[in-house]
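Note that the structure is a prediction, hence the values are computed from the model and not measured. Lettering of chains follows the sequences in order, A, B, ..., and the numbering in each one begins at 1.
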Amino acid sequence: MNGRAWKNMASSDANLLSLITASRPGAAPTLLRSALPVVVIVALAVMAQVVLKGLLGGYYADLAITIGVNIVLAVSLTIVNGFTGQFSMGHAGFLAVGGYVSGAVTYYFSLTQWGSAAAAGGRLSGMPLSTEGLAWLGAGDVLFPVALLIGGLVSALLGLAVGLPSLRLRGDYLAIVTLGFGEIIRVVIQQSGPALKTPEAAEQAGVLGMATGLGGALGFGGLPKYTSLFWVVLFAGLTMLVAYRIKTSTSGRAMLSVREDEIAAEAMGVNTTRTKVWAFVIAAFFAGIAGGLYAHKLGVALGPVDAGFQRSFDIIIMVVLGGLGSISGAALAAVVVTMLPEYLRAVADYRMIIFALALILMMILRPKGLLGVREVWDADLWRGLFRRGKSAKGGGK
Amino acid sequence: MSLLIAQGVSKSFGGLKAVQGFALELPERGLYGLIGPNGAGKTTVFNLLTGVYRPDEGTVKLAGRELTRLRPNRIAGEGLARTFQNIRLFGELSVIDNLKVACHLRCPHGMPAAVLRLAGHRAQERALAERCGRLLEMFGLASRAHEQARNLPYGDQRRLEIARAIATGPKVLLLDEPAAGMNPQEKKELRTLIRSVRDTFGLAVLLIEHDMGVVMDLCERITVLDYGKVIAHGPPEQVQKDPKVIEAYLGAPAA
Amino acid sequence: MDQLLQTLKDGVTLGSLYALIALGYTMVYGILKFINFAHSDIVVLGAWLSLTIAAKLLALMGIVDPPAWMGAVVLVGAMVACGAVGFTIERLAYKPLRGAPRLNVLITAIGVSLLLQNTGQLSALFGTSPRRIPDLLPDTTLLSIGQVQLKLLDVVGAGTAIALMVALEWLVFHTKIGRAMRATSHNVNVAALMGIPVNRIISFTFVLGSMLAAAGGFLWALKYQTIKQTADSSWVLLGLKAFVAAVVGGIGNVRGAMLGGLAIGMIEQFGAAYLSSSMKDVYVFTILILVLLVRPSGLLGKATIEKV
Amino acid sequence: MPLLEVSNLIVRYGAIEALHGVSLSVEQGQIATLIGCNGAGKSTTLRAVSGLLKPAKGSIRFDGKEITGVAPHEIVRLGVAHSPEGRGVFPQMTVDENLDLGAFARPRSEKDQIRKDREKSLDLFPRLRERLKQLAGTLSGGEQQMLAMARALLARPRLLLLDEPSLGLAPQVVQTIFQIIRDINAAGTTILLVEQNAHMALKVAHHGYVLETGRIAMSDSARVLEASDEVRKAYLGIG
């Protein structure tokens, strides 16, 4: 024991609150440091749109967009399944909600305001401007992010509804309930009426009519294709940034503690209920955004297949393979899982069989996933790997 | 007035009366023990005090505030911290993060501040790192701050659990078999540690322990449970000689 | 009146099918305390194997109309094959995870489920297009009350399901191995102290559950005739509903699974008939959520206390 | 040669070493008792002997045969029955079924012998005979203990491991249980008895071991230990 430390503590274990208020540095550098990553992400997004798109060409740019959407999905699911250790299997449900809601916003807004559901043009979407916008931006540059946010928010609201049962359920029971929720969402969307085709029809149907005219089981077609590399890189970046900032904060540590040991977490003062529900809400929000991006890439808000559990399983595979709780792991897995079938013919044919086997083997050989909760930039991950490598060479146990 | 007061606390599981009419008065800076044979209901008492189970009857008060129906996290907030019989650390988290989680209640800046990295959040993180770092130093764990908790040797895990409980900023500390599985040297250090913790932080401590050497040496007063009931209460010398206690431990003397 | 009778009949035939599948979930949960997510895929395998065996047999004998005994042969064949698959899965995927966190076992089960689904899709196996099983039973109407027809198919279907359940009930409650299963489900360690080879009992339970699943698949094929590809989402729904039945009845409880199966079948059919048929899946999940929130241990289950 | 010989047994639970090299032996036909306060590792020792725990080091020999690492159901077949701590009856099964499970490991050919053993067990525990059709979960604590012991006897063990048979029982019931332990031993079964109730245990046993935090602190004939102050010290810390 360290005697000096004990004396120091005795004299100065002031309330943490006073410690916090005591140290208050200047506001300006803080603001800069807080905003810098966002600036970098925006810059990257612009570069992706301006430079990368041309370099990649149509096919690969398209693939990159899919990868980006999958990163948003995998990282957001990591917040629930990885951070808090609750097992959600209905993530595709939120994807669907975001897709349909944001689709409804862009489609019907364009239809009623500009007389056509077609894209109103947007520089950030890489489209020529057809209507007047704000300053040098096109109308679509404003409409699209607003629609995405609305989709995300509605999805987050549903996340709240799904998160609430998690107060009383654990593990596999919760998994089944989220799967059921996802299905309910899908079934309910399928009950919606056909999309309204003309401004007059939309006008007549009113807001409620438009909100229920989502194309039903056929999917919601004719959406303006706003999604570009810019938007995808932007949101993938923001999702990772937010996830990272949560993980390295009081709230994030609370989430991880719930996953490690719920009873101990409560005994340490963590409100496990609120923590879990927050995780569900945030994850649902970003999944909703991903849904919006995906819908405005295809021009169709997700047919039933995209909202179904097959899609949820896809996302789970990424999260599990990457490491339950690792943001960079999930993002990496999203890249690999999306790209591998595109590059390897053999993988394309047996795609799901290979991933299923990978899932099973991973659970037996490396139960925490590739990276566990750690990130690729964590020094201790590499040290750990190195040490293990050395001991293996030296004969090991 | 006593700091922690339990009165008539009872709990049944199914038909089994696990704890019946448990009563305890723990004064400020008191160092008390709770002992009893296997299955006497000691850990259940801890679970009742900390809200893991809800008592069927009885009240628990801490510094005059009623704890009886609160959820465990609120009870921790009121100043009752604990360790667990079968160590429950957050194994995948680093040693220092284990302590940071325990500072949860004293962190006013939540998710929005963290996502926007506001000044408050930064200051909070700095304060957390400083305070937790100091705690680790006190417990001799500073060099292991960034290791995963599950990789610590057993004795360090026990100490980290105590440090974590301290980090919540408690008024009362409940220790569930802190010496279990320790060797004599570690036990000796543990005794010193528990005393220092009490003195430094001005806490009241209640501990469950099987090692009578530790209990008799440390505790000012001892409560003995048998079959869920308090059968004796008093200073160590008195409890040791109590025929009811001897019978509970050693069995009825040969007839 | 006709509608009520019709709905009752549908409820019983569907419910007995759910019950049969629910038994597999419940037995595995009872012993290993995890949801065998791949159970529904064994049902699918059972349906496809039934089709394959029936088709192969007809081709072999060079006839078009199957004789009456063929149904039994197909059923037994599918059950044996699925039992073997269940055994293999348990040994290779689940056994290495004894004592692992429940989440890991659940993920493995999802992996196994995906593996079965997608392997079945291979063109060398069952392919991706739906196929029709040969008519194994004549389309005879046994009884008509008003518009409601009771067909041979209904009676054989529900009869087989009920017979199998009675057999299982007998096995679990009146035989030595059944006793060993119940003992293992209550406490693996104490069971081992009785000299029960617990690993063998667990394997046996998997085989038994898989055989019942195969029977469920066979009866499903008999009832609906057209069999969809193995990764079709309707299969997952079927499995989920059977699982809901097991939870509603009280997971781990063999009699509860039967009761729950019947209850879910009835709820689905009555909801479809009297409310809205397109929302029938929603009713089932609403029931699941309600049961889990109000009485998590199910109708016949017992509440457990978590040890701290 | 002793019937059971345990040497240098080390058992770990994860990072915790629960037994640090325990050695003990039980002579054929005797009762040996392992006493000590809880947490000392008594149950752990029994669980290692019956195969529920795999020791990290050390050896366990039964009747001269190495049984370290053998699966528990095989060890039962060799003639070691273990009545576990907390009794471990199957509460949702009848007393009858519980008894049947006790004889699970015995082959069908012993049917008649099993029936006879069953009668003998029920003669030892007449209370159980009245309750054969009752669910075991509805029995009182003492009756459940009797059931656990009767069930263990049905395996026809040469060595019976009894874990805390007095736990949670009223003093009078404890007297009865210990009388039966004597009777069982008199009928030829060797017993390793784990007890917290040191007085009772030393009274019935031939030989005693005092376990203190994973080590054997004392080993002597039961008479000597009974008279010794050391035992009291180990339990209550009275110097």
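- When each of Ile75(B), Leu116(B), Leu89(B) is checked for heavy-atom pairs under 4.5 Å with chain A, Leu116(B) comes out on top.
- Residue contact with chain B, scored on non-hydrogen atoms closer than 4.5 Å, involves the side chain of Ile282(A) exclusively.
- Of the listed residues (Glu92(B), Arg71(B), Arg164(B), Arg74(B)), the greatest number of heavy-atom pairs within a distance under 4.5 Å of chain A belongs to Glu92(B).
- No side-chain donor from either of Ser94(B) and Glu147(B) sits under 3.5 Å from a side-chain acceptor of the other.
- Proximity to chain B (any heavy atom under 4.5 Å) is shown, for Ala243(A), by neither the backbone nor the side chain.
- At least one side-chain heavy atom of Phe139(B) sits under 4.5 Å from a side-chain heavy atom of Ile162(B).
- Among Ala254(A), Gly269(A), Ser249(A), the residue with the largest count of heavy-atom pairs under 4.5 Å with chain B is Gly269(A).
- Of the atoms belonging to Thr168(B), it is side-chain heavy atoms, and not backbone ones, that fall under 4.5 Å from chain A.
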| task | Might you work through the side-chain contact (heavy atoms from CB on, under 4.5 Å) test for Met268(A) and Phe90(B), ending with a clear yes or no? | result | CA-CA 11 Å; Met268(A) 295 307 123; Phe90(B) 308 124; 4.3 Å; yes

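- Here Lys100(B) is the residue among Glu161(B), His121(B), Lys100(B), Glu78(B) with the most heavy-atom pairs under 4.5 Å with chain A.
- At distances below 3.5 Å, not a single donor-acceptor pair connects side-chain atoms of Arg366(A) with backbone N or O atoms of Leu371(A).
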| Evaluation steps, side-chain contact (heavy atoms from CB on, under 4.5 Å), between Leu34(B) and Phe22(B) | CA-CA 11 Å; Leu34(B) 182 61; Phe22(B) 178 80; 3.9 Å; yes

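- For chain B, the option among Val38(A), Val242(A), Thr248(A) with the highest count of heavy-atom pairs below 4.5 Å is Thr248(A).
- Considering only heavy atoms from C-beta on, Leu62(B) stays 4.5 Å or farther from Leu49(B) through its side chain.
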